[in-house]
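Everything below concerns the one structure shown next.
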Amino acid sequence: WKLEVFGIEQKTMASSKAPEISLLLGKQQWIIEEDHKKCSDLSVYSRILKLTGCTDAEFTCNDGQCIGMVDRCDQVVNCRDQSDEEDCKLLVLKEGYNKKVAPLEVDPKTGEFIRAQISVSMTLLNVLDISEQNHKITFKFGIMLEWFENRALFHNLK
């Protein structure tokens, strides 16, 4: 497959060795030559591109097959090439994420840091021991902390 674009200043060419039966749909490797400097400083470079004929409500499998978006990351293989179950992380943490530090936000007006509002709740789970002689009661508690986490991204939520 060969694609040529003739511009005022240059001629950009792209080629792919994808099989003819693919009709270039799905994930294919392309060799790009004489591209605009804004795209690459190299005269020849390679890119993986995924072309699709699917609708916005469909997921494009790597081989070009279309499946419903609801079938993506549902732990059931729907694509012939199984690509609908690849990269199905639900939680992606930003680089430098430290779970021991509560999130901070920046006030857009003042530029000052604002601490996260943390909601604390405590549940009595069990009375472990009662000692009348020692005047002592031992409890088991569950503590839950909740806050808005602005340092995490959620993907593939249904």
Side-chain angles (χ1 to χ4, degrees), residues 1-123 142-158:
W1 296 92
K2 210 170 229 189
L3 172 68
E4 294 182 25
V5 178
F6 296 94
I8 296 171
E9 299 175 17
Q10 66 197 59
K11 177 175 92 171
T12 302
M13 294 188 321
S15 60
S16 175
K17 293 182 179 178
E20 191 173 322
I21 195 167
S22 74
L23 300 175
L24 286 178
L25 296 176
K27 203 178 223 182
Q28 308 293 345
Q29 182 167 9
W30 287 83
I31 305 297
I32 301 160
E33 301 176 40
E34 302 302 323
D35 201 0
H36 196 279
K37 296 290 182 206
K38 289 181 182 177
C39 298
S40 175
D41 289 334
L42 303 172
S43 62
V44 178
Y45 63 97
S46 173
R47 288 286 184 269
I48 301 287
L49 301 174
K50 188 188 278 191
L51 302 180
T52 184
C54 303
T55 68
D56 288 344
E58 294 176 312
F59 171 76
T60 305
C61 304
N62 287 346
D63 65 1
Q65 177 188 359
C66 299
I67 62 166
M69 195 60 81
V70 296
D71 295 326
R72 165 98 166 104
C73 295
D74 64 354
Q75 298 187 7
V76 176
V77 174
N78 298 288
C79 292
R80 290 182 295 259
D81 62 9
Q82 302 181 9
S83 59
D84 61 311
E85 299 303 319
E86 293 175 359
D87 298 321
C88 288
K89 292 180 184 175
L90 294 178
L91 177 65
V92 178
L93 301 175
K94 292 182 180 177
E95 193 165 330
Y97 180 86
N98 183 349
K99 68 181 181 179
K100 295 179 181 178
V101 177
L104 296 172
E105 292 184 36
V106 177
D107 186 321
K109 294 178 183 172
T110 65
E112 294 179 9
F113 288 110
I114 304 169
R115 291 189 177 152
Q117 295 288 327
I118 300 175
S119 172
V120 180
S121 61
M122 199 159 102
T123 306
I143 298 176
M144 187 162 87
L145 305 172
E146 290 183 281
W147 64 86
F148 174 74
E149 182 56 79
N150 59 3
R151 302 168 297 168
L153 301 172
F154 296 94
H155 294 263
N156 304 307
L157 298 177
K158 303 285 182 193

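All values below come from the heavy atoms of this structure, side chains included, with hydrogens, waters and symmetry mates left out.
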[X], [atom1]: over 12 other non-hydrogen atoms inside 6.0 angstrom:
X     : atom1 : answer
Ile48 : CD1   : yes
Glu86 : CD    : yes
Asp87 : CG    : no

Worked check of disulfide (SG to SG under 2.5 Å) between Cys88 and Cys73: CA-CA 6 Å; Cys88 288; Cys73 295; 2.1 Å; yes
Partner residues of Asn150 under the side-chain contact (heavy atoms from CB on, under 4.5 Å) criterion, sequence neighbours left out: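 Only Pro103, Glu105, Phe148 meet the side-chain contact (heavy atoms from CB on, under 4.5 Å) criterion with Asn150.
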Hey, could you give me the [atom1]/[atom2] distance between [X] and [Y], rounded to the nearest 0.5 Å?
X      : Y      : atom1 : atom2 : answer
Lys27  : Thr60  : NZ    : OG1   : 11.5 Å
Arg115 : Trp147 : CZ    : CH2   : 14.5 Å
Leu104 : Ile114 : CG    : CD1   : 9.5 Å
Asp81  : Gln65  : CG    : CD    : 7.0 Å
Leu3   : Leu24  : CG    : CG    : 9.0 Å
Met13  : Ile32  : CE    : CD1   : 11.5 Å

pair check: Cys61 + Cys79, SG-SG < 2.5 Å: yes
Donor + acceptor pair across side chains of Thr55, Glu58 (<3.5 Å): yes
Within-4.5 Å side-chain heavy-atom neighbours: Glu33 and Ser43: no
Validation row: Val5, Lys11 side chains within 4.5 angstrom (heavy atoms): no
Counterpart residues, side chain to side chain donor-acceptor pair (under 3.5 Å), relative to Lys50 (two or more places apart):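 With sequence neighbours excluded, Lys50 shows a side chain to side chain donor-acceptor pair (under 3.5 Å) to Asn62, given in chain and number order.
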